[in-house]
2 protein chains.
Amino acid sequence: MSRSRTTDKSPIPSVWTREQRRTDQPALSREAIVREAIAMLDAEGIEALSMRKLGSRLNAGATSLYRHVATKDELMELAVDEVAAEIHVPPAGGPDWRAAVTEAAGSFRTTALRHPWLTLVLGQAGLAYLGPNYMSFSERLAALFTAAGFPEPSRAIDAVFSYVIGMSTTEAAWLTTVARSGETESDFVARLLPAAQQASAGYDHLAAAGPETSAQAADPAKLRDDKFAYGLEVVLDGLALRLPK
Amino acid sequence: MSRSRTTDKSPIPSVWTREQRRTDQPALSREAIVREAIAMLDAEGIEALSMRKLGSRLNAGATSLYRHVATKDELMELAVDEVAAEIHVPPAGGPDWRAAVTEAAGSFRTTALRHPWLTLVLGQAGLAYLGPNYMSFSERLAALFTAAGFPEPSRAIDAVFSYVIGMSTTEAAWLTTVARSGETESDFVARLLPAAQQASAGYDHLAAAGPETSAQAADPAKLRDDKFAYGLEVVLDGLALRLPK
DNA sequence: TCCGCTGTGCGTACAGTGTTCGCATCGAAG
DNA sequence: CTTCGATGCGAACACTGTACGCACAGCGGA
C-alpha cells in the first residue's frame with residue numbers, strides 16, 4: 001500500500017529508473033514538505049493540516065516528516081518564511097516614497113489574503129520574523145524608509161505595518177469565515193445582513209455609522225480595498241508630517 | 001472522586017445546606033464556565049485550555065460543559081466577548097477627542113496584553129464581534145468618533161483600530177514567547193540579542209535602523225509603550241487632517 | 001566481498017484532544 | 001406519587017502531535 005521511493009526491489013537497477021525516481025518522486029525533503037504544507041494550508045485551511053494528511057500527500061508516513069522538520073510549529077514557521085518571499089518591496093531611493101510604501105503594504109495585504117493562515121501564525125509565532133525571507137523583507141523596508149528620509153525608520157515601519165497587519169488579520173479572518181460558509185462573499189453578506197441589523201438594533205451610532213447598508217453588499221471586495229487604502233493614506237499622511245522637510 | 005452538587009445524598013435536606021450549595025459551588029453555568037475558562041487562558045495560555053481540564057477545574061466532567069456551551073469555539077467567542085467588557089471607552093462629546101481616542105486605544109491594548117489569547121481568537125473568530133459587549137464597545141466608539149465630527153466615523157475607527165489590533169497582536173505574540181521562556185522580558189531580550197544580531201548580519205539598513213542595541217534591553221516594556229504611543233500619534237495626526245475644520 | 005555506519009522511512013504506541021450518545025439522577029409540577 | 005424536562009457524566013470514536021525502535025539503502029574502508 002504505502003510505497004517508498006523504490007517501486008518494488010527494482011529488478012534491473014539502471015540509471016534510467018533511478019533518474020526517473022529522482023524527478024518523479026523527489027524524495028522527502030524539507031523544501032518539498034514545506035511546499036506541500038503551504039498548498040494544503042491554502043486549499044483547506046489551517047485546522048485541516050495534520051502531519052498524517054501531509055505525509056500521505058507526499059506518499060510518506062506521518063512520522064517520516066520528522067526527519068526533516070523538528071516539530072509542527074517549526075514547519076509552520078518555515079511555511080511563513082517561505083510565503084514571506086512573495087511580498088514585494090520596491091527598491092529604495094525612488095522618487096515617490098509614498099507610492100513605494102503603498103506598493104509594499106498592498107503586497108503584504110494580498111499575500112496575507114492569498115494565505116489566510118499567515119496572520120494567524122504570525123500572531124502565535126515564536127520568532128518567525130527571524131527567517132531569511134522575512135529578514136530580507138524587513139531589510140528592504142528599512143532601506144526604503146531610510147532612503148525616504150525618516151529619522152526613525154523602524155518606528156515609521158512599525159506604525160505602517162501594524163496597521164497593515166491589523167487590517168489584513170481582520171480581513172483574513174473574515175474571508176475564512178466566508179469561505180467556510182461555502183458562499184460567495186456577496187451572498188454571505190446578504191444573508192448576514194438581517195442578523196447584523198438586528199444585533200445593532202438599539203445602538204444608534206452604530207446603525208448610523210456602520211456600513212451595513214444593503215447597497216454595499218454589491219461589491220464587498222471593492223469595499224475592503226477602499227477601506228484598506230483609506231486607512232493607509234491616513235497613516236502615510238501622519239508619517240509625512242514627521243519627514244524633515 | 002468527581003462529585004456533583006450534592007455532597008452525598010444529603011441526609012437532612014434543609015434550606016441551609018441548599019443555600020450553602022448555591023453560593024459555595026455555584027453549579028455549572030455558562031457564566032461560571034466562561035469565567036473559569038478565562039482564568040485558565042490567562043494563566044496557562046491558549047493551548048493549555050482543554051475541555052477536560054476546564055471541566056475538572058469546575059469539579060465537573062468534561063462532557064457536562066456541553067450542556068451550557070455548544071462547542072469549544074463558541075466558548076472562545078464567549079470568552080472574547082466577556083473580556084471585551086474590560087475595554088474602556090470615554091463618553092462621547094468631550095472637549096478633547098484625541099485624548100479620548102488615545103484612552104480607548106490604550107485600554108484595548110492593555111486588555112489585549114492582559115489576555116494574550118484575545119487577538120489570537122479575534123484572528124480566527126467567525127463573528128466574535130457580534131457579542132453584546134463587543135457591540136457596545138463598537139457603539140461607544142462610533143459615538144465618540146461621530147461626536148468628534150468625523151464625516152465617515154467607521155472608516156476612521158477602522159484606521160485607528162487596525163493599527164491598535166496589529167500592534168497589540170504583535171506585542172501579545174512577543175509576550176507569549178517571552179512567557180514561555182520563563183525569563184523576564186529583559187533577560188530574554190539580552191539572551192536573544194546575539195542571535196538577532198547574527199541574523200541581521202549583512203543587512204545594513206536593518207542593523208542601522210533596528211532597535212537591537214543592548215542599551216535598550218534595560219526597559220523593554222517602556223520601549224513598547226513608547227512605540228505604541230508613537231504609532232498612535234501618527235494615525236491620529238493623519239485622521240486630524242480629515243476633520244472638517 | 002564483507003563490515004559497519006549513517007541517513008532515511010515507517011509501524012506502533014502513548015497520551016492527549018473535541019465531541020456524541022445513552023443512561024442516571026434530581027428538582028419541580030401536576 | 002408520578003411524570004417530565006433539565007442536568008451531569010462514563011464510555012466511546014475518530015482524531016491529533018510526536019517518541020521510539022526497527023529495517024534497510026547506500027557508501028567508505030578493510
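Chain letters run A, B, ... following the sequence lines, proteins first, then strands; residues in each count from 1. Scope of the values below: all heavy atoms of this structure, side chains included, with no hydrogens, waters or symmetry mates.
- Taking B:Glu47 as the reference, nothing meets the side chain to side chain donor-acceptor pair (under 3.5 Å) condition, with sequence neighbours excluded.
- The nearest whole Å value for the distance from the CG atom in B:Asn59 to the P atom in D:dC9 is 9 Å.
- Look at CD1 on B:Ile46: it is 15 Å from C1' on C:dG18, rounded to the nearest Å.
- Straight-line distance from the CG atom of B:Leu54 to the P atom of C:dT17: 11 Å, rounded to whole Å.
- B:Thr63 contributes a side-chain N or O that forms a donor-acceptor pair with the base of D:dG10 under 3.5 Å.
- A heavy-atom distance below 4.5 Å is found between the side chains of A:Met167 and A:Lys227.
- The side-chain contact (heavy atoms from CB on, under 4.5 Å) check on A:Ala112 picks up A:Phe108, A:Leu118, A:Thr119, A:Ser168, with sequence neighbours excluded.
- Listed by chain and number, the residues in a side-chain contact (heavy atoms from CB on, under 4.5 Å) with B:Leu141 are B:Val89, B:Ala104, B:Phe137, B:Phe145, B:Ile157, B:Phe161 (sequence neighbours excluded).
- Between A:Glu44 and A:Lys53 there is no salt bridge, since none of the side-chain N atoms of the basic residue sits less than 4.0 Å from a carboxylate O of the acidic one.
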Please write out the pairs of protein N or O atoms and N or O atoms of nucleotides 22-25 of chain C separated by less than 3.5 Å, giving the distance to one decimal.
from   : atom 1 : to      : atom 2 : distance (Å)
C:dG22 : O6     : B:Arg67 : NH2    : 3.4

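- The CG atom of A:Leu65 sits 12 Å away from the P atom of C:dG11 (whole-angstrom rounding).
- Following rounding to the nearest Å, A:Arg30 (CZ) and C:dG7 (P) show an atom-to-atom distance of 15 Å.
- The aromatic ring centroids of B:Trp174 and B:Phe188 lie less than 6.0 Å from each other.
- Sorted pairs that involve residues 29-74 of chain A and meet ring pair (Phe, Tyr, Trp, His ring centres under 6.0 Å), not counting sequence neighbours, are lacking altogether.
- Per the geometry, CD1 belonging to B:Ile33 stands 11 Å off C1' belonging to D:dG8, to the nearest Å.
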Go through it in stages, so that I can follow the logic: the residues are A:Met135 and B:Tyr203, the test is side chain to side chain contact (heavy atoms under 4.5 Å, CB included), and I'd like the CA-CA distance, side-chain angles, deciding distance and then a yes or no. CA-CA 8 Å; A:Met135 288 284 294; B:Tyr203 296 110; 3.9 Å; yes
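- Phosphate contact (OP1/OP2 of C:dT8, side-chain N/O of A:Ser64, threshold under 4.0 Å): absent.
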Check nucleotides 14-17 of chain D for protein N or O atoms closer than 3.5 Å to its own N or O atoms and list the pairs.
from   : atom 1 : to      : atom 2 : distance (Å)
D:dT16 : OP1    : A:Ser50 : OG     : 3.1
D:dG17 : OP1    : A:Lys72 : NZ     : 2.9
D:dG17 : OP2    : A:Met51 : N      : 2.9
D:dG17 : N7     : A:Arg52 : NH2    : 2.5
D:dG17 : O6     : A:Arg52 : NH2    : 2.7

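- At a threshold of 4.0 Å, the pair B:Lys72-B:Glu77 does not count as salt-bridged, since none of the basic side-chain nitrogens sits closer than that to a carboxylate oxygen.
- Between the NE2 atom of A:His68 and the C1' atom of C:dT8 there is a distance of 7 Å, rounded to whole Å.
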